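For clarity, every value in this text was computed on a predicted model and none was experimentally measured.
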Amino acid sequence: MEPWKDPLLILDAYSKMVNKVDVQQIKFIGNGSLLQAAQNIIADRNIEKEVLCLGVKPQTDIPTYLSTADILILPSKYDGWGAVVNEALQAGCYVIVSDACGASDLIMKDRRLGRVFPHGDANKLAKAMDHCASHYKEIQNNRQFRITWAEQNI
């Protein structure tokens, strides 16, 4: 949870969401200089059941986490590529990624892959998250499409 990854933007966007009812859980994986700030925000907003900080996980476990997730959010302020986007697509995840990630080029190819939002814009990220909440079944139903697309294109 480092500043350039902008993880706190997810918490800001979550607070702006209209359709929180359909959000099952947000999980942060990782550590870093913003972990304590994230934990403080989560506690202050009393959203400990909705938002979990799982800490550092071995790189070899990431595919397992992604295979059980439906959506990956990578809100980076800057990111050369964002390799986790590739990993998420290969696992079938829908991806919400900022335009500051090189991997956003992949997501722009097909709306079934995910959404791209302007980095730093919590309102646009909230809209993308609301879209996911209201189109959850469709996102789940297109999981195999994303896996197949990733096999053919990444």
Ion pair Lys16/Asp130, N-O distance below 4.0 Å: no

Residue list, salt bridge (charged side-chain N to carboxylate O under 4.0 Å, His left out) with Asp99, at least two apart or on another chain: none

Any donor-acceptor N/O pair, Asp61 side chain to Lys57 backbone, under 3.5 Å: no

Polar side-chain atom of Glu2 near backbone of Leu34 as donor-acceptor pair, under 3.5 Å: no

N/O donor-acceptor pair under 3.5 Å between Asn142 side chain and Phe145 backbone: no

Side-chain donor or acceptor of Arg143 paired with backbone N/O of Ala91 under 3.5 Å: yes

CA sep, side-chain torsions, deciding dist, call: Arg146, Asp110, salt bridge (Lys or Arg N to Asp or Glu O under 4.0 Å): CA-CA 10 Å; Arg146 289 185 290 276; Asp110 192 312; over 6 Å; no

hydrophobic_cluster_shared for Ile96 and Leu74, side chain cutoff 4.5 Å: no

Check: Lys127 main-chain N/O paired with His131 side-chain donor or acceptor under 3.5 Å: no

Verdict with reasoning, Cys101 to Val85, per side-chain contact (heavy atoms from CB on, under 4.5 Å): CA-CA 9 Å; Cys101 291; Val85 170; 5.6 Å; no

Check against side-chain contact (heavy atoms from CB on, under 4.5 Å), Tyr14 and Ile26: CA-CA 9 Å; Tyr14 179 71; Ile26 296 172; 3.6 Å; yes

Sub-4.5 Å side-chain heavy-atom contact between Ser98 and Pro118: no

hydrophobic_cluster_shared for Trp81 and Ile62, side chain cutoff 4.5 Å: yes

Path from Ile154 to Val97 over hydrophobic side-chain contacts below 4.5 Å: yes

Leu113 reachable from Met108 in the ILVMFWY side-chain graph, under 4.5 Å edges: yes

Test side chain to side chain donor-acceptor pair (under 3.5 Å) applied to Gln39 and Glu48, step by step: CA-CA 9 Å; Gln39 291 171 328; Glu48 293 94 340; over 6 Å; no

Salt bridge present between Arg45 and Asp12 (N-O < 4.0 angstrom): yes

Common cluster, Ile47/Met1, ILVMFWY with side-chain heavy-atom separation under 4.5 Å: yes

Trace of the side-chain contact (heavy atoms from CB on, under 4.5 Å) decision for Asp6 with Ser76: CA-CA 5 Å; Asp6 209 7; Ser76 299; over 6 Å; no

Polar side chain donor-acceptor pair, Asp70 to Tyr94, under 3.5 angstrom: no

Any residue meeting ring pair (Phe, Tyr, Trp, His ring centres under 6.0 Å) with His119, in chain and number order, not counting sequence neighbours: none

Check against side-chain contact (heavy atoms from CB on, under 4.5 Å), Leu9 and Leu125: CA-CA 8 Å; Leu9 190 70; Leu125 177 54; 4.0 Å; yes

